[in-house]
Amino acid sequence: MNRPTGIIIISLFLNISLQDIKTQEKSLVNTLESPYALLGSVDMDVVKWTKGFWAERFQVCKDSMVPGMWQKLSDANVSHSFRNFEIASGKEKGTHKGPPFSDGDFYKWLESAASVYSVTRDKKLDRLMDNIIKVIVKSQREDGYIHTPVIIDQLNKASGKKEFQERLDFETYNMGHLMTAACIHYRATGKTTLLDVAKKAADFLYDFYKRSSPELARSAICPSHYMGVVEMYRTTKDPKYLELAESLINIRGLVRNGTDHNTDRIPFRQQSKAVGHAVRANYLYAGVADVYAETGDDSLMGALNLIWDDVVQKKLYITGACGALYDGVSPDGTSYNPAEIQQIHQAYGRDYQLPNITAHNESCANIGNILWNWRMLLITGKARYADIMELTMYNSLLAGVSLDGKSYFYTNPLCVTDDITYTLRWSKEREEYISYCNCCPPNTIRTIAEIHNYVYSMSDKGLYINLYGANILSTTLKDGSKLKLAQVTSYPWNGNIKISLEQVPEKEFSVFLRIPGWCDKAEIRINGIRSDLSAVPGEYAEIRCKWIAGDEVELIIPMPAKLIEANPLVEETRNQVAVKRGPVVYCLESVDIPGTNKIFDVVIPAKIDLKPRMMRIKNSEILCLEGEALLTDNSGWNGLLYRELPEDNHLPVNIRLIPYYAWGNRGHSDMTVWMPLSR
Ligand SMILES: [Zn+2]
């Protein structure tokens, strides 16, 4: 695969039809021609959930999340998000309201609508997007700049705000999400209406960064535009966008007085630890991975590998969540001079610093973790990245939204109790619209709308199956041959997966099955016969042969409930266990404990027998675990901080554990993932 250098042909046409986009150029992140990515992805419209877990979540996304969030974003009494565009376009009069990053969050919602449309082809949704895009087109300045806080100010006052004057104005964040949404909209609809806006914006940024100082370049707050600019390069093949992306990374190294909070105290290539605001850091890592996929710059991958190890070995929650701290000080950028100690906020903490009640774990940081690991997977084809994606999706991503798709979390703690004597900044209950900062809800919606895009990848050798869930895939391989298969499974509740190959290419090709890192063993059967192919947990098992239509591959992964402990250096969980079954982390909610007993009263015996049972919460099918635990008496503290250990008073108690992602859907409750262990 050679890196394309020519200027694109497709951009010469204003409105091309869908057929003109080549097959395999319509994937969510298009690494098909990226010279340093092993894998490309299948198109947005070739995978469809059929039934079961993700079919249900996609339906809730399509029927509840996408229309529900549009209702909020377009109601100026609730959110000024769309009204800001209407004012900037001249359609309405008024001032900008809401946070400076609300344009970017609006584009995320638009991306979710385009992603849903790519599967449903719902004409009403298409028309709605067309009408919205007409307003966005008119909100853009002739020179390509588009950012409603500044544009509205300039419309209203002769001496209005100037662009890029305030670091925290999030201009590049907004434009980055515009570029990503535009690429997705183009791939989903074949229309270039939004892509043309994104091209003008990317051209503006290209010219701006050519003449801007490193200090001005620091306005790269929350750098979603690294991913956006590289995707623009992949869509248009215009080499200047790749040049822009590279210079955005390089310019970070020239910053003076950088901070760990913004992950720019030291040049990126010298970094080895995850630091700073976890959303911004993860977006940076994902964007750098995108640049690597195109340039093969080893100094970038060297840093990414060290940072990835640091996150996974020392800073990742058991739920796949990132960014432990509400506020803190930089672990490495501190000095003994109090004036030089740097604050960090919504950030990665020190190694093994993973509190539960005060865990920040912003939904956007968890999503950033998925975006980063997806790019690492595409580059390397290594299953360990898919393991992290799966862990994050089933736990911290899904916890961010209620089962009915109506309300959302900003933070994702692993323990919530009304007994704490202080108030945390973010709500303990999901909210329909997070007025102070609505970045997470549309981010969660677009991610759930796009999960099917992560299931399959392609290499020159064949098909990679990264994730499991009941779906059908119908695609065309690079050589023009057709591939059609069905995945039948009730994963994640059961580890039996059947893949029926319904249409296959004539020549030999490989099917790579991801053997999840969480399992102890797995068995592969081909047409009902046990295969002696090695299935190593945490790697892909390759099955290479000349397939015949009707062939069946089965993957059987035992999925017992397991007690998990954390490294003893994690102070907050010492002598405690969490329960995990397959990729799903469980939790204990106060509603599932009899009487007036509390979550901290339950002790888990090391030999607990947890039985799986299906139940429904808010119309969603869920597998809960039931068993006999022990109850300890935690009464009588009466304001004491310490006391003499009372006699062992453990009594048996029946408990029910539910998946962590489903907590908080049965009214207000206390919840904990980690529980004390009795050996
Ligand atoms: Zn957020």
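Both ligands and their constituent atoms are indexed starting at 1 by order of listing.
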key: In the protein, N/O/S atoms that are found under 2.8 Å from the Zn ion (ligand 1), waters not counted   = Glu362 OE2, Cys364 SG, Cys439 SG, Cys440 SG

query = Under 3.5 Å, side chain of His360 to main-chain N/O of Tyr410, donor-acceptor pair present?
reply = no

query = Can you check salt bridge (charged side-chain N to carboxylate O under 4.0 Å, His left out) on Lys108 and Glu111, steps first, answer last?
reply = CA-CA 5 Å; Lys108 286 181 208 160; Glu111 180 186 332; over 6 Å; no

ask   = How would you list all residue pairs meeting salt bridge (Lys or Arg N to Asp or Glu O under 4.0 Å) that involve residues 352-379, not counting sequence neighbours?
value = Asp290-Arg375

inquiry  = Testing the 3.5 Å rule here: is there a donor-acceptor pair between the side chains of Arg252 and Thr263?
reply    = no

inquiry  = Under the rule for ring pair (Phe, Tyr, Trp, His ring centres under 6.0 Å), what residues qualify as partners of Tyr454, not counting sequence neighbours?
reply    = Trp374

key: Which residues share a ring pair (Phe, Tyr, Trp, His ring centres under 6.0 Å) with Tyr145, sequence neighbours left out   = Phe204

